[in-house]
Every structure is written in structure tokens, then in C-alpha cells.
Amino acid sequence: MTAVSMMVNGQHVSAEIDPRTLLVQFLREHLRLTGTHVGCDTSQCGCCVVHVNGDAIKSCTTLALTCDGAEVTTIEGLAKGDVLHPMQAAFRENHGLQCGFCTPGMIMTAVELVNRKGTNLDEHTIREELEGNLCRCTGYHNIVKAIGAGAQAMASAAE
Amino acid sequence: MTETGIGASVRRKEDFRFITGKGRYTDDINRPGQTYACFVRSPHAHATIDGIDASAALKTKGVLAVFTGDDIAADKVGGLICGWMIHSKDGSPMKAGAHPALAQGKVRYVGDHVAVVIAETWAIARDAAEKVLVHYTVLPANADTAAAAKPGAPVVHDVAPDNVVYDWSLGDKGATDAAFARAKHVTTLEIVNNRLVPNPMEPRSAVGDYDEGNESFTLYTTSQNPHVARLVLSAFIGIAPEHKLRVIAPDVGGGFGSKIFIYAEETICVWAAKKVRRPVKWTSDRSEAFLSDAHGRDHVTHAQLATDETGKILGLRVKTTANLGAYLSTFSSCVPTYLYAPLLSGQYDIPAIYAEVDGVYTNTAPVDAYRGAGRPEATFVVERLMEVAARELGRDPAEFRRQNFVTQFPHQTPVIMCYDGGDYPRALDRALELADYANIGKRKAESARKGLLRGVGISAYIEACGIAPSAAVGSLGAGVGLWESAEVRVNPVGTVEVLTGSHAHGQGHETTFAQLVSDRLGISIDNVSIVHGDTDKVQMGMGTYGSRSGAVGMSAIVKALDKIEAKAKKVAGHVLEASPDDIEFKNGKFSVKGTDKEIDFASLALQAYIAHKFSGQELEPGLKEGAFYDPTNFTFPAGVHICELEIDPQTGVVAIDKWTAVDDFGNLINPMIVEGQVHGGIAQGIGQALFEGAVYDKAGQLLTASYMDYQMPRAGDLLSYEVAVTNTPCPSNPLGIKGCGEAGAIAAPPAVVNALTDALGHEDVPMPATPQALWRAAQRAVTKAAAQ
Ligand code: FES
Ligand code: FES
């Protein structure tokens with residue numbers, strides 16, 4: 001067992017863990033933050049995307065120990081109290097989800113995409129940037145729409 | 001239409017928990033004292049088990065138990081069943097080989113369950129599973145659909161020495177042969193409908209829990225139909241009687257058919273929970289999902305269409321070999337038979353149809369229903385035949401279809417179905433207009449100038465949904481009735497809970513079902529809760545598949561609401577001192593006709609419960625009604641999808657640049673949700689046509705067992721779709737709705753392949769049409785052109 005500590009959604013957490021514990025296992029099983037999902041075992045689906053020090057990463061392929069001292073944000077940490085993050089609201093408004101399983105990863109990916117590429121995103125860019133995220137339900141049509149709208153909303157929110 | 005009533009694109013009530021990470025899926029559930037199961041799976045497609053040595057695993061710290069087929073046999077755990085009896089042409093019943101939850105003596109596909117390790121943690125269970133030594137004698141594998149029943153092929157089950165589960169037929173052979181004898185032209189196609197892996201993003205998961213004090217079990221599981229799971233686990237597998245087994249399917253992350261079935265893993269989790277007296281959890285990883293979830297499709301078909309000198313269709317015949325895998329999964333037997341051949345009439349008036357289907361065993365994962373289930377396979381046959389026949393006859397494919405459309409309803413096809421309504425030319429016209437079909441020639445010429453091949457493909461599909469009238473399916477071999485149940489509970493303050501036997505795993509029932517109630521009772525949608533997915537709360541139900549939840553599930557709610565209204569009118573009669581016959585109910589208010597006396601729904605509900613204004617002997621207090629709705633017919637959604645694409649013959653890369661869908665789903669409850677269902681279906685259909693294919697090698701190894709090898713459609717592979725609807729209300733149910741969940745997956749594959757073959761100028765294109773396949777096909781097109 002090895003000690004690890006990090007900031008998760010603004011809270012300081014520390015624990016003794018098996019060194020092979022993946023970040024996603026740490027989040028889901030130790031912290032019971034079950035909004036981050038596991039959809040594959042080859043780092044292909046993006047259901048597990050969280051932010052580590054502001055970068056969108058796949059928590060299924062990251063050892064928790066490598067995040068020692070890091071700042072981690074999960075889907076549970078995105079809303080401010082009862083106020084949804086504009087990207088969350090955009091997914092609901094644009095029907096960007098069906099079963100909801102891919103959704104946390106999609107939203108975390110989308111937020112980081114906007115942080116990285118700005119709030120004016122064309123359809124082509126959004127589709128290309130979603131190369132690491134799979135959704136089996138929506139056919140992506142409304143996810144793409146939601147991300148475009150969410151990006152715009154993030155611009156307004158930042159003003 | 002009210003803001004939240006029928007026909008409004010209400011934003012989904014369930015979304016809040018999903019977008020905030022507060023959904024509750026099976027793997028999110030941990031029970032106190034929980035242990036973890038890891039399955040030891042066969043690495044061989046076909047082998048005898050000569051011995052299992054679990055001693056090293058059992059010595060591992062943290063391992064509680066290792067169970068094998070012997071343990072379940074000793075406990076008399078029943079085998080997994082197939083619930084639909086199919087008879088061969090000679091009247092003999094299908095040959096169902098035993099399907100134990102843990103293999104007994106023999107393994108029959110890679111991934112078959114040999115043993116299970118139960119341990120304190122997930123990691124220990126996995127480590128220990130690697131230490132279970134299984135001694136196999138490897139046998140030759142039978143892994144090729146077309147060759148499965150050839151003489152000398154390895155025998156999968158002794159009960160079926162030729163590997164044929166059934167050889168079944170539908171339709172009039174004599175009449176069909178006569179039609180072909182009369183024909184001016186016969187179009188012939190050899191069709192392979194590629195094998196798919198359903199791949200809901202949430203892998204299957206199960207938590208079994210045993211309550212010693214009450215001798216009762218709870219199973220949390222990723223199921224589309226928890227009541228059916230309970231029925232099978234009780235009545236056939238014999239885990240516990242139904243009143244001692246609670247099955248909960250919480251939030252489920254997509255199903256597409258693959259979560260209908262009762263699998264070995266959940267069976268073992270619930271059984272083992274009693275053995276180890278601790279909860280047992282198993283969650284599939286994606287590799288296991290590829291190996292052990294039931295796959296879909298996998299047909300090899302010889303198909304022919306006969307036409308007369310005017311282009312009128314005279315007859316259609318098919319001979320199909322359907323791969324059912326190594327064991328018969330829960331509903332596998334009906335998919336390539338009664339969900340397939342009855343759809344072979346398509347949207348067309350075809351006087352004679354004859355279908356022969358051989359279901360075969362192979363050493364591959366079981367094959368069962370996947371989005372569309374039989375109907376995509378039928379539509380692919382029909383729509384490829386239509387396209388190719390039109391080309392061979394020198395006809396415009398749209399006009400050739402139009403000439404043969406069914407236009408009079410009801411229309412009895414020669415293959416069971418009686419179409420109750422529709423307007424096929426209208427959908428075609430609308431689709432042609434939206435797709436700008438008239439100018440395709442110009443666009444093709446522009447592409448040609450750039451060295452690209454442009455093609456357009458039409459698919460005019462029909463499907464049978466609203467599955468299904470119980471007596472009808474019973475006469476065809478179904479082991480269950482396919483009605484649906486609903487209970488409407490009005491609380492004293494006028495809020496409402498609706499308990500439904502349907503299950504939602506992405507379809508949005510919490511919203512659409514609430515819209516129906518809000519519309520009907522005139523109450524806010526926020527005052528309606530939809531309860532589903534728990535056998536302790538909902539008495540019985542048949543679950544969600546076959547696009548049945550609207551047409552059947554909501555019809556049951558309508559029936560219960562009728563009863564609520566009738567009872568409420570009686571209460572209102574007492575409260576307003578009038579005859580119940582004089583009470584009107586409109587906009588959430590009960591009033592006495594011709595007077596200003598009225599009471600709103602919430603106050604009426606309170607009156608029903610306090611029962612001060614009427615004699616509780618004459619009229620029971622309370623306001624709660626249940627109903628079972630058994631449909632009178634299938635429903636027949638239909639439509640036209642048009643795909644336009646461009647192939648780069650140098651690279652084989654294809655770009656779809658326009659997709660037009662015009663669907664007739666009857667009345668819509670929530671157009672936003674309907675469109676979403678169409679989008680998702682199209683994506684899966686394009687996936688089948690261009691990307692996805694489960695491939696087994698000769699030894700029965702699955703070569704496509706991860707997302708590295710099995711190409712799932714991604715955002716960058718797809719486009720935004722143009723989706724429109726026509727509406728001929730369904731005459732067979734009270735809401736006039738038909739179902740929309742599978743349409744896209746049914747319509748899309750032939751639209752894509754018709755477009756590809758149009759672009760290439762020849763018909764020789766396989767699915768999935770990968771860049772490599774298309775590059776080869778483009779080379780063949782060049783060779784062909786040069787030869788001409
Ligand atoms: S679970 Fe991390 S990419 Fe699939
Ligand atoms: S909403 Fe179900 S996988 Fe994306």
C-alpha cells in the first residue's frame with residue numbers, strides 16, 4: 001500500500017492504495033464518485049475522461065499514484081452548487097444524451113476542448129476533437145450540436 | 001398541445017442526474033460485504049474439459065471460492081433457456097443443446113464460462129482466475145456460417161449432428177415457384193449480412209445479494225426486462241421462486257437488444273451469493289463483452305426477385321443460413337425466423353414469397369436480437385433486390401419502388417403480416433425532394449471531375465414493431481405473452497406515480513410517459529414520476545425491445561388512465577352532487593355539464609382518499625388503477641432513407657455527405673426524442689455498412705475483440721442527418737403511435753450499400769465496406785470499365 005493525496009473537486013483527499021490502482025478506480029471505489037465511467041479496456045471510449053491539472057485525460061489508463069498532488073475535476077465537480085455548468089445545460093437543452101453512460105466523459109472532453117480551442121467551434125473541429133470518445137446512442141448529431149451551443153454559452157458566461 | 005403534453009419536445013426529466021454524474025448504474029452499486037467474481041473463460045472455440053485444478057487459486061489470500069460446472073450441477077441449477085420454439089419444415093422441434101451457466105465437460109466458444117473465482121477484491125479475483133488450471137483437449141472448430149452445416153463440419157451439439165438447429169420455412173413454395181416460372185426477369189443476389197457486436201457503452205454488470213433472514217435474493221443487473229429475467233431465473237434456472245427473488249435494473253447504459261437476454265454471469269452472481277453468504281459482483285470489461293455478449297445478424301442469403309414485363313414484382317424467394325452461435329440465447333430462435341421472413345414483403349405488393357431459413361450452430365458467441373433484430377436483415381435483402389432489379393431493368397430505382405408500393409390498407413402480405421396503414425409514396429416524395437434527387441446527375445458529374453465517385457442509395461424500409469399480440473406470437477412459438485402492464489397511482493395531493501413494465505435505457509420514458517399523463521390529467525409534468533426497473537415495485541412487465549414501449553407500454557398507461565378517469569368521475573359526482581354521467585373532465589378539471597360547478601384534479605384526488613363525501617361501501621376510497629394492454633396488431637413504421645456519398649477510388653475512403661430520413665412513426669409524443677432515436681439508429685446502420693464486423697478465424701478466435709479491432713462509428717466518421725417525418729396515425733393503438741427505436745438501424749445499411757454500388761457501377765461490395773474493400777471494389781470497377 002502506498003499513500004496518495006490530491007485535490008478532487010476542490011476537496012483534499014488522501015488514502016493508502018494498492019500501487020496498481022487506476023485513477024478511475026480510486027475515484028469510483030475509494031471516493032465513490034461514480035459519475036466517471038469505464039466503457040472499455042483499451043483507452044478508446046472516453047467514458048472515463050476527467051480533468052487533471054486542467055487537461056482532459058483518460059482516468060482508466062492513469063495510475064492514481066501519478067496524480068499525487070494533482071488537481072482533479074470530475075463530472076461531479078463541474079456544476080457550481082445547483083447551477084449547472086453551461087456545457088451540462090447545453091447537453092440537456094440539445095438532447096445530447098440518451099442512456100447517459102458516455103455523457104460525463106463527453107462533457108469533460110467538451111469543456112476542455114473549449115478551454116483549449118476557444119468558444120467558436122465549427123462542426124468539423126468538434127467532430128475531429130471527439131475522436132477519443134464513443135457514444136453508441138446518439139449518433140453524435142446532438143452531441144455535436146450541444147458542444148457547439150455549450151461553447152457559445154461558455155463565452156457568454158465568461159463575459 | 002400544451003407545453004409538456006403529447007407532441008411537445010420537452011427536455012428530458014432524467015437528464016439532470018446524468019449530466020451531473022449522479023446516474024446510478026449497476027456498477028455504481030456496492031453492497032455491504034460485497035465480493036467480486038471473475039470468470040475463467042475458455043481460450044478455445046471447441047474443446048473438451050479434461051480437468052480443472054483450482055488449488056493454487058483457492059490458496060490465494062482473499063479468495064473465497066472457485067466454482068465450476070460440477071458445483072452448479074450438484075445444486076441442480078437449471079440451464080439457460082431459449083424461450084421461442086421454432087419447428088422445422090417437417091414439424092420437428094428445434095434442436096436445443098444444453099446451455100449450462102458454467103460449462104460441463106465441453107466448451108463451445110472462446111469466452112465460454114468454465115469457472116468462477118469469488119474473492120475479496122476485484123484484483124484478487126482476477127489474479128486468482130489466472131491460476132485456475134484447465135486441461136483441455138482442443139477439437140476442430142466450426143466457425144464459418146456458410147460452411148457450418150456442410151458434411152464433416154465439427155459437431156457443436158450432439159443433439160444436432162448436422163449443426164442445424166432448425167430448417168424452417170414461411171410462405172407458399174408452389175405459388176412462388178409458379179411466379180418465378182412466369183417471370184420476365186429474375187434478379188439474383190448473394191448476400192452476407194455481417195456479424196455485429198451490439199456494444200452498448202455500459203458493459204453488463206450484476207450484483208447478487210442473498211438475505212439469509214428472509215431466504216430471499218436480490219439481483220441488480222443491466223437488464224432491458226427485469227421481470228423476464230426474474231421469470232427465467234425462477235421458473236427455469238430455479239434460483240428461487242419469484243416472490244423470493246427481486247430483480248432491479250437501475251439506470252442502464254444502453255442495450256440495443258444485448259441486455260434482453262439472461263446470461264450466465266448474472267445467474268452465477270445471484271446463485272453464488274447464497275453459496276458464499278456475501279453479495280457477489282461482476283462487471284464485464286470490454287474484452288469480455290466482445291466475447292460473451294450476444295452478437296447480432298450473421299446471415300448468408302441467396303435471394304431472388306421475379307418481375308414481369310412491366311416491372312411489377314411477381315415473387316420473392318430467399319434461402320438463408322443464420323448463425324445462432326454455440327448456444328441458443330434467450331430469443332435467438334425467433335430472430336432469423338419470425339422477426340425476419342415476415343418482413344420480406346417490404347413496402348411492396350408482392351403476391352408470392354417463400355423463405356427458407358436454416359439456423360445453425362457454430363463455435364462462436366451466441367447470436368440474438370440486436371437493434372432491429374431480423375428486420376434489418378430482411379430490409380437489406382429486399383432493398384438490395386429492389387435497387388439491383390431497377391438497375392437491371394434500366395429503371396429509376398425510386399420509380400421502380402413507387403410502381404410496386406402497397407397503396408391500399410389493410411394489406412395482407414403472403415408472409416403473416418397485415419399492414420394496417422401508411423402512405424409510402426408520400427415519404428418517398430418528401431425524401432426525394434429533401435435529398436435533391438432530381439439533380440444528382442449534376443453532382444455526380446462534379447465529383448467525376450475531381451476524380452471521385454459519387455453515388456446515391458435509397459432504402460424504403462418497413463418494420464414490425466409494437467411487439468406483439470400475445471395470442472399471435474403464442475401461435476408462432478413464443479413462450480411468453482407480449483402485452484405490457486401499467487399502474488397509475490394518484491396520491492392524495494394529486495401527484496402521480498406511474499409504474500410501468502417497460503424499461504428505459506436511453507429512450508427517455510421518464511419524460512415521454514410523464515408527457516402522456518400530464519396531457520391526459522392536466523397536471524404538471526413535474527408532478528408525475530415514472531417507476532420502472534424493479535420487480536418489487538412493478539408487479540410484472542415484459543420490458544423494452546422491439547420498439548414496443550410507446551405502442552404497447554404507453555397504451556397500457558392509457559388504459560389505466562381511462563380507469564382513473566372513470567373512477568374520478570364517480571367521486572366528482574358525489575362531491576359536486578351530480579350524476580357521474582354529467583361530469584366532464586377537461587384541462588385538469590371535473591365539472592358538471594352546463595354549470596359552473598367544478599373541482600380540480602388535486603382536490604378531487606384528496607376527496608377520493610378522505611372519502612367524506614361518499615359511502616366507502618358503494619365506492620372504494622382511493623385512486624389507483626392498473627391495466628394490462630395486449631396489442632391487437634403489430635405496428636408498421638416505414639419510411640425512406642437516402643444516402644449520398646463520395647468514394648475516392650485512389651484510397652477507398654468514403655465520405656457520406658448527405659443523409660435524408662423521412663419516417664412515418666404515426667403520432668409523436670416527443671419529436672426531439674424521436675429524432676434522437678433516429679440519429680442513433682442511422683449511426684449504427686452506417687456502422688454496419690462501413691465499419692463494423694465481428695470476425696472469427698478458422699480456429700474460432702474472435703479477431704475483433706476490442707475497440708482497436710472492431711471499428712465503432714465515431715463522430716468524425718459521421719455527419720449531421722436531415723430527419724423529417726410524415727404521419728399516418730397507427731390505427732391499432734389508442735395513441736396512434738408506431739415506434740421509432742430501430743428504424744435507423746434497419747433503414748441505413750441498404751441505403752449506404754446502394755449508394756456505394758451506384759458510385760462504383762457494380763454490385764460486388766461487402767459489408768463492412770472498409771477503405772480496403774472499397775479500394776478493391778474501385779479497382780474492379782476500373783477493370784470492368786476497361787473491359788467494356
Ligand atoms: S474507459 Fe477509459 S477510454 Fe474507455
Ligand atoms: S448516450 Fe448512451 S452511449 Fe452516449
Side-chain angles (χ1 to χ4, degrees), chain A residues 18 20-21 25 28-29 32-45 47 74-79 84-85 87-89 91-105 107 123-124 126-145, chain B residues 9 11-12 14-25 27-28 30 121-123 198-203 251-256 283 285-287 504-508 672-673 675-684 686 706-708 712-721 723 744:
Chain A
D18 185 344
R20 62 179 161 175
T21 304
Q25 293 169 328
R28 287 181 56 81
E29 301 299 331
R32 297 301 288 147
L33 292 170
T34 55
T36 303
H37 298 149
V38 177
C40 74
D41 44 16
T42 50
S43 205
Q44 299 273 311
C45 77
C47 292
T74 71
I75 187 71
E76 289 92 343
L78 213 52
L84 292 175
H85 185 283
M87 193 59 79
Q88 290 173 309
F91 267 70
R92 178 165 65 185
E93 184 55 30
N94 291 284
H95 191 30
L97 63 149
Q98 291 181 22
C99 78
F101 197 78
C102 71
T103 311
I107 291 176
E123 174 167 350
H124 181 75
I126 296 171
R127 287 185 178 273
E128 289 302 309
E129 287 284 338
L130 286 179
E131 66 169 358
N133 294 72
L134 288 172
C135 172
R136 193 55 154 170
C137 297
T138 63
Y140 304 100
H141 181 117
N142 285 339
I143 291 181
V144 172
K145 227 167 94 185
Chain B
S9 285
R11 300 304 182 256
R12 298 199 323 169
E14 45 274 82
D15 283 356
F16 180 77
R17 66 178 185 274
F18 296 132
I19 57 180
T20 54
K22 297 192 174 68
R24 189 164 178 261
Y25 300 89
D27 189 53
D28 300 342
N30 281 346
T121 70
W122 176 80
N199 273 306
M201 291 317 301
E202 179 205 26
D251 286 330
V252 173
F256 315 113
T283 298
D285 61 30
R286 186 56 62 184
S287 307
H505 27 280
Q507 297 88 343
M672 175 192 81
I673 288 179
E675 280 189 21
Q677 289 291 313
V678 174
H679 296 158
I682 295 170
Q684 289 183 10
I686 294 175
S706 81
Y707 290 150
M708 316 279 279
M712 294 274 281
R714 289 176 187 270
D717 301 322
L718 299 171
L719 71 164
S720 292
Y721 320 101
V723 175

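Lettering of chains follows the sequences in order, A, B, ..., and the numbering in each one begins at 1.
Both the backbone and the side chain of B:I673 come within less than 4.5 Å of a heavy atom of chain A. The contact between B:S720 and chain A is made by backbone and side chain atoms together, counting heavy-atom distances below 4.5 Å. Contacts between B:Q507 and chain A at a heavy-atom distance below 4.5 Å are absent for every atom of the residue. Proximity to chain B (any heavy atom under 4.5 Å) is restricted, for A:E131, to the backbone atoms N, CA, C and O. Interface remark: B:D27 contributes backbone and side-chain atoms alike to the contact with chain A (heavy atom separation under 4.5 Å). Heavy-atom distances place both the backbone and the side chain of B:N30 under 4.5 Å from chain A. Of the two parts of A:C47, only the side chain, counted from C-beta on, holds a non-hydrogen atom closer than 4.5 Å to a non-hydrogen atom of chain B. The parts of B:L718 that come within reach of chain A are both its backbone and its side chain, each placing non-hydrogen atoms under 4.5 angstrom from that chain. Residue B:Y25 touches chain A through its side chain alone, counting heavy-atom pairs closer than 4.5 Å. With a 4.5 Å cut-off on non-hydrogen atoms, B:V678 does not touch chain A at all.
Chosen from A:H37, A:H85, A:E93, the residue pairing most often with chain B at heavy-atom distances under 4.5 Å is A:E93. Note on A:L78, A:L84, A:I143: by heavy-atom pairs under 4.5 Å with chain B, the leading option is A:L84. Chosen from B:A683, B:A123, B:G680, the residue pairing most often with chain A at heavy-atom distances under 4.5 Å is B:G680. Per-residue counts of heavy-atom pairs under 4.5 Å with chain B were compared for A:I75, A:N94, A:D41; the largest is that of A:D41. Contacts with chain B were tallied for A:C99, A:G35, A:G139; A:C99 has the most, counting heavy-atom pairs under 4.5 Å. Ranked by heavy-atom pairs under 4.5 Å with chain B, the list A:M87, A:H141, A:R136 is led by A:R136. Each of A:Q88, A:E129, A:R92, A:Q98 has some count of heavy-atom pairs under 4.5 Å with chain B, and the biggest count is that of A:Q98.
Distance NZ/A:K145 to NE2/B:H679: 7.0 Å, rounded to 0.5 Å. In this structure, the separation between CE on B:M712 and CE on B:M201 is 5.0 Å, given to the nearest 0.5 Å.
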- Task: Determine, step by step, whether A:R28 and B:D28 satisfy the salt bridge (Lys or Arg N to Asp or Glu O under 4.0 Å) criterion, reporting the C-alpha distance in whole Å, the side-chain angles of both residues, the deciding distance to 0.1 Å, and the verdict.
- Result: CA-CA 8 Å; A:R28 287 181 56 81; B:D28 300 342; 2.7 Å; yes
- Yes or no on side chain to side chain contact (heavy atoms under 4.5 Å, CB included) for B:F256 and A:C137, after CA distance, side-chain angles and deciding distance? CA-CA 9 Å; B:F256 315 113; A:C137 297; 3.7 Å; yes
- Message: Walk me through whether B:R12 and B:M672 qualify under side chain to side chain contact (heavy atoms under 4.5 Å, CB included).
- Response: CA-CA 10 Å; B:R12 298 199 323 169; B:M672 175 192 81; 4.0 Å; yes
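With contacts defined as side-chain heavy-atom distances shorter than 4.5 Å, the pair B:N199/B:R286 qualifies. Looking at B:S706 and B:M708, their side chains come closer than 4.5 Å, going by heavy atoms from C-beta outward. Residues A:Q25 and A:R20 form no side-chain contact, since every pair of their non-hydrogen atoms from C-beta on lies 4.5 Å or further apart.
Inspection of the B:D717 and A:Y140 side chains reveals no N or O donor paired with an N or O acceptor under 3.5 Å.
Scored by the side-chain contact (heavy atoms from CB on, under 4.5 Å) test, A:T74 finds A:V8, A:N9, A:L27, A:L33, A:T36, A:V50, A:V72, A:E76 as partners (sequence neighbours excluded). By the side-chain hydrogen bond (donor to acceptor under 3.5 Å, both in side chains) test, A:T42 pairs with no residue at all, sequence neighbours left out.
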